[in-house]
Amino acid sequence: MNPIEEEMVRLTADLNRHNYNYYMLDAPVISDYEFDQLLRKLQDLEKQHPEFMQPDSPTQRVGGTVTKKFETVKHVYPMLSLGNTYSEEELVEFDSRLRGLVNADIEYACELKYDGLAISIQYEHGVMKRAVTRGDGTQGDDVTANVRTIPTVPLRLQGADYPDFFEVRGEILMPFARFEALNREREDIGEPPFANPRNAASGTLKLQESAEVARRGLDFRLYYVMGDNLPLTTHYDSIMQLKSWGCRVNEVMKKAQGISQVIDFMHFWDAERKKLDFPIDGIVIKVNNFAMQQQLGMTAKNPRWAIAYKFKAEKQSTLLLSVDYQVGRTGIVTPVANLTPVPLAGTIVKRATLHNADVMAALDIREGDSLFVEKGGEIIPKIVGVDLDKRQSGAQPVRFATRCPECGAVLVKNEDEAGTFCPNELHCAPQIKGKMEHFIGRKAMNLDSLGEGKVEMLYENGLVKNIADFYDLTYNQLLGIEKKFVSEDGKAERVVSFREKTVENILAGIAQSREVPFERVLFAIGIRYVGETTAKKLARHFKNIDALSAATKEELMEVNDVGERVADSIIAYFNNVENLEIVVRLRNAGLHFALTEAETATVSTVLDGKSIVVSGVFSISRDDMKKLIEQYGGKNVSSISKNTSYVLAGEKMGPEKRKKAESRGVPIISETEFYEMIGK
Ligand code: IVH
């Protein structure tokens, strides 16, 4: 071996061992500084000699890759989920059902049920090859680069007696301390906090930059092995084997002889879980013997040999002080109860959500009531009921606010929707900010040089009041604007200010956003109920904003998926002069308000002026069929009227449609006739 390669192999092995000592054994033998020196040495060598980089190189832990889009891959073995129960009786039933099936007493393996997300990791010749999320159980996302950054996932197994290929299953989770630190940081920069560690873990695993994943401190616990010729006979032994190969496994796995020992384990951890520094939401019990597992098999989606017992959410009763109303970024108003502080699942609860007017009415909350507050999987507690024993006689109902607490507008509630909202979209502070945040979003204008925190700073400095204002920003206006962040206890202060580089990036991003295609601009301007897909369909159908803004309700509803609610909202948008002004300004700023020539490029115009309804199944997908129609100059409409030129009928077209076409005298053509028509 080349001496440099030799050195790299040695450094890789040494660093992996130090990593193991530090993270798994909690017993480092060198200092952090020495570790960093060795790592840097390896990084330098890898830069000079990428051909010698080892597949288990610890430099991958630091991240540095950017994944544009996670590849979807099929699981070698499907990823199942578990049946679950909240009741002790059902655990007893589970056991007696199984004993009936195998005709023997059963030994179980009891484990904690980690509250994160499932991952499947493949090892080939002892080297970590690939990590895939659960997805739909059959296929998931390849998140290998991100999983490699998790220090408790071994990049190479220890020992040598492992099978050539196998898969391990386990949970990716975020410890409470990391979760809280992450949320504090996010609040500092004006990003919405994660609701719970599970969401934080799953959001983190889907990040495109693995370096950021590395920084956030995910953790891993292995709970199952899949392989064709594993040399073991019980689940417990297989997990112990993996532990000896260097994997982080369930820390408190315990064998139980019979269900009563399982129940002891469950009671113990229900009480003890408050002391853990990572989230669990129950326990899992598994038949220990593999042969018995095989014999029991599985139902449609769950193995019959395992079950999850989920802990009940913790609940407390406390006195209602008042109700606040919070206005969200889309104008939705959420009632929040202020409570007499009460300890619950490790924190002191002072506020809890009442969800919406319907829920609040159903709970029938009265002034001075004592309420039951619960903390489930979510970190934000919720009100789940009224302690009627404590209600004062003659207590008055709490009425939902009639005016917006932010801007004073009269609130609106539609009969068929649970949410109440503030209709003052253009002049209500949280909604203004919400609209701007939506505008800069990845799927909209993708102004990632801005971000929520910066938008907030621009707004607070009076530089932007609506989305058109972004395009009037100048270098001199932006340079030096600042915001002071004060920590909760008021002691620490941090000032963020825009320097040259930031300002240049922001302006470059804004300039670049002029290239964003019409369909995304249409999504970005934030017409209520016009989501990404609807915007796409509207853009393709009307081709430019003038045609769209002039469309009648009926014309709008000809577009697939556009119902009455969406059509009304589009009309209301263009009936508002302030919106029209914004559109004019954006247009003058150079944004795309029409499909480009390439986008409208029609192959031919044989179908010019023809509106066509497609129905049934074709030899190509329906979307492709619709594209063909457009390419040949036709227009897709969704319902049959006397103005429809043709109904293009595939197989299995519904009899109702046929009747309708016939009664309105609309010609029905087949797929073959259609191809003849366009000369294809
Ligand atoms: S066993 C066939 N064990 O809970 C094996 N799952 O639906 C199936 N989970 O998706 C999983 N801790 O993400 C197992 N000790 C544990 C677990 C566990 C957490 C998760 C897992 C799974 C879900 C159950």
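When a ligand or atom number is given, it counts from 1 through the structure's own listing order.
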Relative to the heavy atoms of Ser81, which atoms of ligand 1 are at a distance of less than 4.0 Å?
7 (O)

So does Tyr22 have more than 12 non-hydrogen atoms from other groups sitting under 6.0 Å from OH?
no

Near Asn250, which atoms of ligand 1 are under 4.0 Å from a heavy atom of that residue?
15 (N)

Residue-level breakdown please: for Glu171 versus ligand 1, do any non-hydrogen atoms fall below 4.0 Å on the side chain, on the backbone, on both, or on neither?
side chain

Using a plain distance cutoff, I'd like to know if Leu80 has any nitrogen or oxygen under 3.5 Å from a nitrogen or oxygen of ligand 1.
no

Nearest-contact summary for atom 15 (N) of ligand 1 - protein heavy atom, Å:
Glu111 OE1, 2.8 Å

Can you confirm whether Gln294 is buried at CD, in the sense that more than 12 heavy atoms of other residues, nucleotides or ligands lie under 6.0 Å from that atom?
no

Do Ser31 and Glu34 get their side chains close enough for a donor-acceptor pair, meaning under 3.5 Å?
yes

Could you walk me through whether Phe278 and Tyr114 pass ring pair (Phe, Tyr, Trp, His ring centres under 6.0 Å), step by step?
CA-CA 8 Å; Phe278 48 83; Tyr114 297 100; 5.7 Å; yes

Atom NZ of Lys129 with >12 non-hydrogen neighbours under 6.0 angstrom:
yes

Taking atom types as modelled, is there a side-chain donor on Glu90 or Thr85 under 3.5 Å from an acceptor on the other?
yes

Shortest protein heavy-atom distance from atom 10 (O) of ligand 1, along with the residue and atom involved
Ala118 CB, 3.9 Å

May I ask you to check whether Gln43 and Thr59 show a side-chain donor-acceptor distance below 3.5 Å?
no

Backbone, side chain, both or neither: what part of Leu82 comes under 4.0 angstrom of ligand 1, heavy atoms only?
both

Under a 3.5 Å cutoff, is there a donor and acceptor pairing between the side chains of Gln241 and Ser244?
yes

Parallel, tilted or perpendicular: ring planes of Phe523 versus His438, cut at 30 and 60 degrees
perpendicular

Looking only at protein heavy atoms, identify the closest one to atom 3 (N) of ligand 1 and say how far it is in Å.
Lys286 NZ, 3.0 Å

Among all protein heavy atoms, pick the one closest to atom 12 (N) of ligand 1 and tell me residue, atom and distance.
Tyr114 N, 3.0 Å

Considering only heavy atoms of Val284, which atoms of ligand 1 have at least one such atom less than 4.0 Å away?
3 (N), 15 (N), 16 (C), 17 (C)

Protein heavy atom at shortest distance from atom 23 (C) of ligand 1
Lys113 NZ, 4.0 Å

Could an N or O of ligand 1 be found under 3.5 Å from any N or O of Tyr224, whether backbone or side chain?
no

Where does Met79 meet ligand 1, judged by heavy-atom distances below 4.0 Å: at the side chain, the backbone, both, or neither?
neither

Please work out which of the three classes, parallel, tilted or perpendicular, describes the rings of Phe166 and Tyr123, given edges at 30° and 60°.
parallel

Identity and separation of the nearest protein heavy atom to atom 11 (C) of ligand 1
Tyr223 CE1, 3.5 Å

Is the contact between Leu112 and ligand 1 made by the side chain, the backbone, both, or neither, using heavy atoms and a 4.0 Å cut-off?
backbone

